[in-house]
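Take a look at the structure set out below.
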Amino acid sequence: MKISLGTKELSLTGRGEAEAYLTVIASIFQLALKRFNNLGIVKSGGNLEFCIDESLSGDAFRLIMEENGAQVFGGRRRALAYGALEWLEEQNRREASKATWPREIESKPDCKFRACNQHAPSLLDSSQDRLGMTFSAMEQSLLFRANTFILAQNWPSHTNDAASYSLCPELAPFANPDWERPAYHYRESAERAAALDLDFFITMTEFHFPLQAIEKYPDWEGSRLVCGRELQPGKNVCPAHPLTRSYVHSKTIESCRLAPSAAGLELWLGEKLNSIFYCQCPLCKSTAAPERVLMLVEWVYGAMKEILPKGRLILRTYLCAGRCWHEPGIFSQIKDKFPEDVIIGLIGQYGDFNYLNDPNPLIGMFPRDTIVEFDIGGEYRGTLHGYFSGVGRYLEERMELYRMNGASGFAIRHIDWLGDASVSEAFAFYAKQWDFERSLPGESALFLENRFGHEAGAGLSALLGIGEEIVRKGLHILGLNAFGCFGFLPDTLERTRYNALDHCARMATGGVGRFFKAVSDPSVALDEKDEALRLCEEFRIIVENLKPILPDKLFKALSCSAEIMKACTAVHRICTELFLRKTRYERAVHIDERLWEVHAMRKLACDLLAWYRENLEVAGEIDLEKLYEAHGMDIFLPVGFDAGKRLPMENVKALSDKTLREIDPIYDFFDWNIIL
């Protein structure tokens with residue numbers, strides 16, 4: 001097999017089992033040439049010969065390089081791809097160091113699991129090539145030397161759409177009539193993963209059941225009273241009901257049959273209100289939450305082993321952001337009771353909300369394989385809204401800490417959200433897993449230099465670092481997130497209080513103290529915002545200086561990001577002070593203090609409205625298509641939408657009017673309807 005290297009050709013030959021894998025190596029090789037640009041400019045052609053060597057363990061490879069090619073030996077097929085990529089990188093190093101040939105390299109990874117968790121959009125949506133997106137993510141994972149691919153359908157990652165309930169006749173009438181389409185997606189994905197030699201897992205979230213069945217089996221519905229609050233009807237089922245186990249068994253068996261070559265399943269706990277934790281019927285009330293978790297794990301694990309006897313179960317411990325603080329109490333009681341081959345999956349961002357939160361408290365708790373997953377695509381650091389922000393420093397610190405506490409490997413999700421420049425951090429993330437002596441920020445900078453040249457690469461690396469600081473100081477309050485990941489402007493001040501205090505601060509060491517430090521002295525938090533605004537201007541200047549040497553598409557996207565970050569930081573400064581003033585008002589005892597805060601809030605509300613009026617036109621000119629092209633994902637405009645103008649103002653209006661009527665009935669307040 002021959003592949004083109006510009007004006008040269010490279011021959012690929014394989015012995016034995018390696019011969020059938022040459023098409024995969026060629027595909028990954030071409031992807032590397034496109035992705036790495038300068039890194040992939042090979043000065044000469046030649047021949048690469050591949051062979052499986054059983055003396056090498058697992059993902060290890062040995063590379064014997066010669067003047068006109070190399071011999072690549074691997075412990076398994078995917079290790080041959082890793083060796084080919086190493087040879088490609090060595091071409092660039094050879095040019096830099098003028099190294100002599102021949103040279104032999106033997107290498108093996110430091111981390112057992114190097115995973116990609118792909119959250120595919122709804123498999124029922126035929127408007128895009130969903131299968132092509134999954135295949136692309138798989139190939140990119142292999143390009144980064146990952147070895148595990150976890151496929152989850154959308155959110156909350158269920159497999160109901162692909163289930164016919166053939167083993168549960170009671171639920172068969174309620175199966176998705178189009179179940180074959182997502183089932184086909186799973187089957188094809190499993191086959192592609194097998195061809196690439198990636199360990200393939202399917203994610204299940206239970207109980208995500210067919211709601212219509214509740215109407216026919218009303219006794220299946222769980223008791224809805226939780227903490228004095230009644231849930232909406234049809235939102236949970238009773239774990240003790242016989243139909244529940246039959247349903248879980250049927251779903252698990254069908255999921256495994258979709259991917260008979262899979263390495264196993266991932267079980268994701270408690271993502272929706274229909275989880276096992278909510279039923280409060282007399283029988284379930286006698287079963288504590290840890291016992292319910294163990295029961296569900298045993299059901300899924302047992303059914304999985306019927307079809308995949310060598311399969312492993314990844315237990316994703318995430319209980320949803322609002323309930324994460326329950327995790328230590330639940331899992332500490334059952335940490336030694338799971339089967340030996342169960343893999344524990346932890347969320348790196350504890351609380352799944354703010355990437356600056358403390359490490360997951362379950363770290364080091366389990367005496368078995370543990371995978372720690374991070375969001376590197378930027379869901380919690382602004383990229384979803386057009387920020388150009390790095391995460392290298394944070395990942396460096398957290399990966400070191402988790403590995404010291406026994407983590408067997410790491411995963412990232414949203415790999416498909418990464419653009420031409422931000423993908424450098426995914427490359428560095430996996431490079432560090434292969435060799436923990438490597439610096440993650442250093443590897444990211446090296447990638448950018450090889451991809452865009454020395455000067456442009458250094459500039460982009462600096463922009464990633466500045467963007468990371470803008471997130472830390474512009475979107476957060478002393479490291480505490482007060483704003484939702486899918487709406488950077490607060491919808492109400494009460495919601496902001498929940499995010500910052502009730503949610504984020506309670507899960508960060510000293511978080512409550514930090515929060516009230518900002519309340520007592522708002523200038524501490526506002527100084528951060530002013531520094532973030534200064535950094536936004538620094539970011540803009542660097543982008544302008546890079547214009548002559550950047551691809552036009554990337555320059556335009558970075559210019560848009562500069563505008564968005566500046567706009568968001570400016571409005572967050574006002575919102576933060578407004579929020580802190582409201583908290584001071586709630587804590588105030590004396591009537592004069594309360595009136596003072598009300599007056600201050602009214603002024604800030606007017607400032608916020610004035611800011612919107614002044615910036616709406618500018619915000620409307622931001623070209624989201626340019627951002628989409630560069631970032632490779634959907635961008636939601638974070639400034640200028642109606643909710644941002646309306647909801648915070650109505651919240652302040654209601655507070656002010658009610659307060660002033662109670663405290664000072666003769667106060668002459670102006671007509672808010674005119675302003676709104």
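Heads up: numbering here begins at 1 and tracks the sequence. Just so we're clear, the structure is a prediction, and the values are computed from it rather than from any experiment.
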Thinking salt bridges, do R114 and D59 make one under a 4.0 Å N-O criterion?
-> yes
Measure from the side-chain N and O atoms of T569 to the backbone N and O of G474, and report whether any donor-acceptor pair falls under 3.5 Å.
-> no
Atom pair CG (L142) and SG (C116), whose distance is rounded to the nearest 0.5 Å = 11.5 Å
Is the NZ or CZ atom of R403 both under 6.0 Å from the centre of the six-membered ring of F436 and within 45° of that ring's axis?
-> yes
Pair R573 + D527, salt bridge at N-O below 4.0 Å = no
Please determine, by modelled atom types, if W434 and S107 share a side-chain donor-acceptor pair under 3.5 angstrom.
-> yes
Mark yes or no for whether S520, through its side chain, and K517, through its backbone, hold a donor-acceptor pair below 3.5 Å.
-> no
Y82 side chain to A146 backbone, donor-acceptor under 3.5 Å | yes
N/O donor-acceptor pair under 3.5 Å between D197 side chain and A193 backbone = no
Any luck finding a side-chain donor-acceptor pair between E306 and H249 under 3.5 Å?
-> yes
Is E400 salt-bridged to K432, going by a charged N under 4.0 Å from an acidic O?
-> yes
Is the side chain of Y402 donor-acceptor paired with the backbone N or O of N360 at a distance under 3.5 Å, no angle test?
-> yes
Exam field: side chain R130 to backbone P182, donor-acceptor pair closer than 3.5 Å = no
Just how far is it from atom CE of M365 to atom CD1 of I344, taken to the nearest 0.5 Å?
-> 10.0 Å
Mind telling me whether F331 and F366 have parallel, tilted or perpendicular rings, with 30° and 60° as the class edges?
-> perpendicular
When you measure from the side chain of T370 to the backbone N and O of R368, does any donor-acceptor pair fall under 3.5 Å?
-> yes
Salt-bridged, E373 to R316, with N to O below 4.0 Å?
-> yes
So F579 and F515, ring pair (Phe, Tyr, Trp, His ring centres under 6.0 Å) or not? Walk me through it.
-> CA-CA 11 Å; F579 164 56; F515 174 80; 5.8 Å; yes
Report yes if the side chains of L448 and L464 come closer than 4.5 Å at any heavy-atom pair, otherwise no.
-> yes
Would you confirm whether Q433, through its side chain, and C111, through its main-chain N or O, come within 3.5 Å as a donor-acceptor pair?
-> no
Salt bridge flag under 4.0 Å for residues E469 and R393 = yes
Find the distance between OG (S408) and CG (D110) and round it off to the nearest 0.5 Å.
-> 12.5 Å
Please check if the side chain of Y430 supplies one atom and the backbone of S141 the other of a donor-acceptor pair under 3.5 Å.
-> no
Pick from V300, V342, L265, L296: which one makes a side-chain contact (heavy atoms from CB on, under 4.5 Å) with L315?
-> V342
State the CD1-CZ distance between I371 and F410, to the nearest 0.5 angstrom.
-> 10.5 Å
D199 and salt bridge (charged side-chain N to carboxylate O under 4.0 Å, His left out): which partner among R78, R312, K112?
-> R78
Rounded to the nearest 0.5 Å, the CD1 atom of I202 sits from the OG1 atom of T159 at a distance of 7.5 Å
Residue pair F374 / V391, side-chain heavy-atom distance below 4.5 Å = no
Are the side chain of E327 and the backbone N or O of L319 linked by a donor-acceptor pair below 3.5 Å?
-> yes
